[in-house]
Amino acid sequence: MGMGGPHAGFFATTDKHKRKMPGRLIGASKDRLGDKAYRLALQTREQHIRRQKATSNICTAQALLANMSAMYAVYHGPEGLKKIAQKVIATKQMFVQTLLSYGWPAELIKEGHFDTVRVGFSSEEALKKYTNDKTFSVERFTEADGKYWASFSFDETTSFDIVSDLVKNLTQKGGPGGVELQNLNLNIAAVIENSATKLQKNDELCKIPEALVRKTPFLEQPVFNTHHSETEMLRYIHHLQSKDLSLAHSMIPLGSCTMKLNATSEMITLNSPTLANMHPLQAADTYGAFSKMVADLEGLLSKTTGFAGCSIQPNSGAQGEFTGLRMIRNYLKSIGQGQRDTLLIPVSAHGTNPASATMVGFKVQSVKCDPKTGNLDIADLKAKAEKLGDKLAGAMITYPSTYGVFEPAIKDAIKIVHDNGGQVYMDGANMNAQIGLTSPGYLGADVCHLNLHKTFCIPHGGGGPGVGPVGVAKHLVPFLPSHDGPFVGRADAPKTIGPVSSAPLGSASILPISYSYIRMMGSRGLTHATEVGLLNANYMAKRLSEHYDILYTNENGRCAHEFILDPRPLKESAGIEAVDIAKRLMDYGFHAPTMSWPVVGTLMIEPTESESKEEMDRYCDALIQIREEIREIEEGKQSKEVNMLKMAPHPMKDLLKGEEEWKGRGYSREQAAYPLPYLKEKKFWPSVARVNDAYGDTNLFCTCDPMPQEGDVPAEH
Ligand SMILES: *Cc1c(COP(=O)(O)O)cnc(C)c1O
């Protein structure tokens, strides 16, 4: 439960709608050698990239949790899941039969078909006598048919001990009221034993009504029918992991995604069973120190952003945007400015910005950027803000800009929006370049979101979970999200926008990661991290600028925490594009930088403060060596069609091709696999060759194989 989050939600759709789905789809395709390869499908059509035409703003989702659920299904398979369901029903029945043995009236026990029972009391006093006891936190009550009901659900982890404690507690606190319970001095162990025998003899008790029983098979794919012992499961997970290049192997300089160290010391609290098993709706006074930590964290984040208030409820950056923009909308309405319905968003903005704006009901107008510097075109902003007049709701601005530069005119931009009656939303995903040096509040913005899964050390988990807190200036504090749950409060705040997540504390259980980070770093440490992050980016930019074009820098030739490397001229000279460099980096044991965002055809590099000079040099060496390989194409020493970049990556199966087949390559196997000396010691082998994106997108196929036919070779092996 993890106090309510993070959790994965799934949905499925008919074939007709699959290309409109939000989030990321994994689809099957082929690699260069014709073998099956799975990949993110339809990436270029990912919803938020469609800006204001998007039907969702999802960027970060719950990929890690989706994997956990998937592994549960892989391990248990269809038969195992059915057994688990039967066990849950049996446990519920055990509870019911034991209560009956004590004489609890049958009409005061109402069973659902599956895991839930309602237990009735004849009066509110009788119910209170039981529920005021904090041995169990019972939080689900209803009043129906003149009786008072408490609700219980069981799962496969509910032990007989818990069942017996529950029954003991219920019966010894005076029972349902109005009825003398018999046999109060019965030995509970004996009663449980009896119930078990009864259930064994009478299997009708654990049956699901015939009309509800599923008759069709499910989870027929081989993956759900193979790995059913713990050893097999371990090996399967490890096998998948071995294909995965992570921060444990090398730096992942994904610009704008801030892939920094996720320290074990920060994540250790995730192992705490207390935290793992807390329920989001348990009684507020059972939260213990957790509520104090959350309040403290919100305070620290307010301070960091220079704002008056903060809410950790949103589950991602994009949801933070949604939350912040709703606050702006409600605020404008509250001051009689509800007609302000248009947001100005620069063309350089992250796609979630216009997508979130549209979800909240705003119209969107784009603001130009200077093609030379990448800076916001202040004249365009001013003209559009003035033209909109009392239709201007505000602007969404990213600082440093998504081009990785501290815009010199940021304060002017904010003033223009304010002078024209709008609010300023600052996208705080680039907070890693601000902490301790400046802040959205200091600059004059009204709202911002943070990405705790970027700047504040929560691992990205392949795309989530995340936390996207919103910080707000004083006039927006009354609008912060609320929750009816027992803890967050603010439910009685008349101006709140209401909840944005059904768990009061959003992705609660991962909050201690960011909290530990901030507390261990302290304000000096955090500021130092920002400075080193800026220094690292400038170091790499400088070294690489002798070999590649760097797209945007300020008037001193400096970047902020990230920079854009521009290989577009190489298309002309060598037929090489960003994607070829990205794929070739795999042969060097590296993940590519962010590709084609925010500028199509470029690579954006963000080293973060976590990387050592040695690792950054290794990455630069790889990119520089790749530039030399491109030079060979430019000089005609390698063909434009078949060369080390176009053929990259080179998995082992490719290198094992016979002499005849290899001959046409024009480069050696050695050059393909070990272009730099460090690779002899430290090589990460790609598991597939270049994947055919077009094939995968036109033949979108998002489910695993059905059971293999005789003679088929399973795809994974
Ligand atoms: C990552 C990012 C977002 C979206 O955050 P998610 O948590 O992925 O939804 C928004 N804006 C910018 C600039 C980002 O880099």
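As the structure lists them, so they are numbered: ligands from 1, and atoms in each ligand from 1. What's counted below: heavy atoms across the whole structure, side chains too, no hydrogens, waters or symmetry copies.
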With a cut-off of 4.0 Å, which atoms of ligand 1 are near a heavy atom of [X]?
| X | value |
| --- | --- |
| A429 | 2 (C), 11 (N), 12 (C), 13 (C), 14 (C), 15 (O) |
| S316 | 7 (O), 9 (O) |
| G317 | 5 (O), 6 (P), 7 (O), 9 (O) |
| H453 | 6 (P), 7 (O) |

* Asked: Where the closest heavy atom to atom 9 (O) of ligand 1 is concerned, which of P314, A318, S256 has it?
  ->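 Closest candidate by heavy-atom distance is A318.
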
* Among N451, T594, T60, V467, which residue places a heavy atom closest to atom 5 (O) of ligand 1? -> N451

* **Row check, Y442 ring normal vs K411 NZ/CZ: under 6.0 Å, within 45°** =>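 Yes; both conditions hold, so K411 lies above the ring face of Y442.
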
* Asked: Could you go step by step and tell me if K382 and N420 meet the side chain to side chain donor-acceptor pair (under 3.5 Å) rule?
  -> CA-CA 9 Å; K382 188 154 188 279; N420 287 283; over 6 Å; no

Please tell me whether [X] and [Y] have a donor and an acceptor in their side chains that are separated by less than 3.5 angstrom.
| X | Y | value |
| --- | --- | --- |
| T323 | Q313 | no |
| N315 | Q62 | no |
| S356 | E321 | yes |

* May I ask whether E321 has any heavy atom positioned less than 4.0 angstrom from an atom of ligand 1? =>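 Contact check E321 vs ligand 1: positive.
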
* **Plane angle bin for H460 and H453 - parallel if under 30°, tilted between 30 and 60°, otherwise perpendicular** => perpendicular

* To do: Please write down residue, atom name and distance for the protein heavy atom closest to atom 11 (N) of ligand 1.
  => D427 OD2, 2.5 Å

* Which residue owns the protein heavy atom closest to atom 2 (C) of ligand 1, what's the atom, and how far is it? -> K454 NZ, 2.4 Å

* Check for a donor-acceptor pair, side chain of Q434 on one end and backbone N or O of Y399 on the other, with a separation under 3.5 Å. => yes

